[in-house]
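Below you'll find the structure, written out as structure tokens, and then a few comments.
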Protein chains: 4
Amino acid sequence: MSESAKPRTAREIRSAARRDAIIDAALEEFSFQGFAAARLDDIAKRAGVAKGTIYLYFADKETLFKELVRAMLTPLIGQFEALAKTDIPFPLLAERLADVAAREVAGSRRRDIIRLIIAEGPRFPEIADFYYREILSRVFAALQTILTRAFERGEIRHRGLVDFPQLLVAPVLIAATWSSLFEKQAPLDIQALLKAHIDILLDRGSAS
Amino acid sequence: MSESAKPRTAREIRSAARRDAIIDAALEEFSFQGFAAARLDDIAKRAGVAKGTIYLYFADKETLFKELVRAMLTPLIGQFEALAKTDIPFPLLAERLADVAAREVAGSRRRDIIRLIIAEGPRFPEIADFYYREILSRVFAALQTILTRAFERGEIRHRGLVDFPQLLVAPVLIAATWSSLFEKQAPLDIQALLKAHIDILLDRGSAS
Amino acid sequence: MSESAKPRTAREIRSAARRDAIIDAALEEFSFQGFAAARLDDIAKRAGVAKGTIYLYFADKETLFKELVRAMLTPLIGQFEALAKTDIPFPLLAERLADVAAREVAGSRRRDIIRLIIAEGPRFPEIADFYYREILSRVFAALQTILTRAFERGEIRHRGLVDFPQLLVAPVLIAATWSSLFEKQAPLDIQALLKAHIDILLDRGSAS
Amino acid sequence: MSESAKPRTAREIRSAARRDAIIDAALEEFSFQGFAAARLDDIAKRAGVAKGTIYLYFADKETLFKELVRAMLTPLIGQFEALAKTDIPFPLLAERLADVAAREVAGSRRRDIIRLIIAEGPRFPEIADFYYREILSRVFAALQTILTRAFERGEIRHRGLVDFPQLLVAPVLIAATWSSLFEKQAPLDIQALLKAHIDILLDRGSAS
DNA sequence: GATGAATGAGGGTTCATTCAT
DNA sequence: TATGAATGAACCCTCATTCAT
């Protein structure tokens, strides 16, 4: 989870493990309670460390929050950009993207990060900034490449998708929030939802 | 804004106005700060009343929050269900819905309520419950009626949309959150986004 | 103790009384514990208020400390400058000053303030600044006037006293700190000490 | 700086050096911050040792503080008592004392110890006790011998000085605190101040 | 009803002290 | 011996809630 160079000594390994444990616990607490309501006491307890220990790894609550977001999102982007570079037919690519999205979204942790960013973004402009700069802008740049190519090849029929790649990912966002909030009331089959989405975009499997 | 029976006496009118002022102020503060970080002091100041006055209208902070969500959402639903009952062609209906959504979404207040529900839902299951029961389930029931009819009439070509009405509204959600978080970094033309969405669903304006 | 205009309404009177009670309690705690070791909890308890109440009157611990010093010292200076303006013979004036000093010094409160300034001055340059600007510089200006006049009249025989008025007040300082620290080990007769000091300066009562 | 028997082995020498380094660092930190506000972390850093190392040499923070005071003051007294035993004329002796005082006072370290004792005395009665017993009482005993002899020889004309040796040292105290607190606002010529003091006591250099 | 001073529990943060390495 | 990561008690400050006016 930590993006820095692999630690070598026993102490460094334990230290990195602790840092990760704190980040994990923080994700759990922050995403359930929100930033303000989460208590460092609870995070410490969940991470199995003393309250003061958190301050050996993070300057304060806010820094912990920002590091958490950074740690969760950074690994995503490389994986995604790699996928964008492959020159496979769009229908195949779309299905792979849907697969990854469904798994990443279903994996409760990443879904909660998305919720956290939506929830706390206005109060932490740096978070929104970071997220836009490091993640969104790169994701959308890659998407635009993919979609332009697909449109030129005739794999998709609508310019609108090229202009608004948001339309491609919108169902992922709704799936993430829906399953986060209404799982109890009305569970959602994310895989099927995304499949239907792709079918519509590719205009296949229609009608009868 | 208050949904209760119209007040009659001068005192009742003043009282209702105060209640509304508090709710308005609360929306402003809650949606920017989140529930936990918002301060009753600030809400009172913004509403132009003393801190203690809030307790004459709401039992406590949590109750104020729930009443706020209820007050903001309840008026929406009637308006929406009325629209669903009209038997106009789907393309026309879709455009009207997009129009309403764009305006309601652009109107910062409602967009912030959506963000609030996403943010605080997990900590206030009653809010999520209420929202699902009173709003979402009714919205989706209406949508299903509309979409089924449209599908049977051949106005839309994909069953998937009938099974997952979420796909119809997903762009509204992404427009709401995007404009709430990234207006500064990359403003979004919501009207154009929704128009492109409808064009894709109706398979019109495609290609060249 | 508060230097502001006399409060009039019942609430204002109670409010001013509370402020004074807090200042009194703070003096007690700060002068015994020092700034860092003093606990707001103890100050509140001693003042008979809740911890939070202190923050209604003072922005934080540091402000309370500064206000305390200001409140204790400000009333002193006027009284002293008035004395300096009277044109009585120096020997008489010196005795009156000694009297005031002995009483103010013996009055444990002022003596503790002096100790506090000595103790915390280096860490609170603003305190040292304020003390020098508002108190010391004015005291020494007045003293210089007094001593110059006395020297010209032949009431004192040494220029050195005019150049270093500190020599006039040095015994007051030592009396204050001595009685604050070593009362138990070796009580000091402050009145007699100051009388001996004046006798030396005036070169009277010498030898047998 | 350590008063214990000279260490012999290499290890003992290193150990004694460390102890001294810690004491030096502690003096610096304690005298600037006061006992409560000084941080062992900073002392360790300044001494160039790890935090835990301090506990190998001192039981706890309070013990370190007391040892520090003891270590700084003990060497003073021997030097002073030696001076008292010499049978030189009082005017000469007084000038030598003034010289020593000016140098010891100007040397920031000792001056800060004085400030520390004044500041922390009430909270550490043992410190005040120790200081009175080991230093003050012996200093004043020696002074009384000196002053009695000087008075009997006619070198000074006032009994008061014999009864209150404090009057002899008061200017040293004021010089120490003044230069510690108000160097910036109004620097003090300590040598000249003490010279003027002696001139007054010896009744020389008077008038024009 | 309306006010806002007062309360005090709660949480973020610091730091003396310990102890495994 | 020496280290410094880890601990957790303690303290400043905030803020939801109460209540006398």
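Proteins come first, then strands; the chains are lettered A, B, ... in the order of their sequence lines, and each starts at number 1.
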Protein-nucleotide distance ([X], atom [atom1]; [N], atom [atom2]), rounded to Å:
X	N	atom1	atom2	answer
I22(B)	dA16(F)	CD1	C1'	15 Å
F58(B)	dT17(F)	CZ	P	14 Å
R19(B)	dG1(E)	CZ	P	12 Å
Q33(A)	dG12(E)	CD	P	11 Å
E29(D)	dC15(E)	CD	C1'	14 Å
D60(C)	dT13(E)	CG	P	17 Å
K45(B)	dG4(E)	NZ	P	11 Å
I43(A)	dG12(E)	CD1	P	8 Å

Q. Would you find a donor on one side and an acceptor on the other, under 3.5 Å apart, between the side chain of R115(A) and the backbone of I118(B)?
A.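 Checking the backbone N and O of I118(B) against the side chain of R115(A), a donor-acceptor pair under 3.5 Å is found.
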Q.
I'd like to check the salt bridge (charged side-chain N to carboxylate O under 4.0 Å, His left out) partners of R18(D); sequence neighbours left out, ordered by chain and number.
A.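 In terms of salt bridge (charged side-chain N to carboxylate O under 4.0 Å, His left out), with neighbours along the sequence ignored, R18(D) is linked to no residue.
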Q: Report the residues that fulfil salt bridge (charged side-chain N to carboxylate O under 4.0 Å, His left out) with R123(A), sequence neighbours left out, ordered by chain and then residue number.
A: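 Testing R123(A) for salt bridge (charged side-chain N to carboxylate O under 4.0 Å, His left out), a comparison that skips the adjacent residues, returns E120(A).
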(Q) Could you report the tightest heavy-atom contact between D24(A) and R109(A), atom names first, then the distance? (A)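 Looking at all heavy atoms of both residues, the shortest contact is O-NH2, 3.7 Å.
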Q: Give the minimum heavy-atom separation between L181(A) and P122(B), together with the two atoms involved.
A: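 Between these two residues, the closest heavy atoms are CD2-CD, 3.6 Å.
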Q: For DNA chain F, write out the stems as range with range, using runs of 3 or more consecutive Watson-Crick or G-U pairs with both distances under 3.5 Å.
A: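 Result, WC/G-U stems under 3.5 Å: E:2-21 with F:2-21.
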Please tabulate, for side-chain N and O atoms in residues 31-50 of chain A, each donor-acceptor pair with protein atoms closer than 3.5 Å (sequence neighbours left out).
| from | atom 1 | to | atom 2 | distance (Å) |
| --- | --- | --- | --- | --- |
| S31(A) | OG | L27(A) | O | 2.8 |
| S31(A) | OG | E28(A) | O | 3.3 |
| R46(A) | NE | E29(A) | OE2 | 2.9 |
| R46(A) | NH2 | E29(A) | OE2 | 3.0 |

Q | E67(C)/R19(C) ion pair, N-O < 4.0 Å | A |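 Yes, charged N to carboxylate O under 4.0 Å.
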Q. Under the side-chain contact (heavy atoms from CB on, under 4.5 Å) test, which residues partner S15(C), sequence neighbours left out?
A.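 Result, side-chain contact (heavy atoms from CB on, under 4.5 Å) vs S15(C): Y57(C).
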Q. What is the distance from atom CD1 of I117(C) to atom CG of D112(C), rounded to the nearest 0.5 Å?
A.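 Result: 11.0 Å between the selected atoms.
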Q) Which letter, B, S or -, goes with each nucleotide of nucleotides 5-11 of chain E from 5' to 3', with contact meaning a protein heavy atom under 4.0 Å? A) SBBB-BS
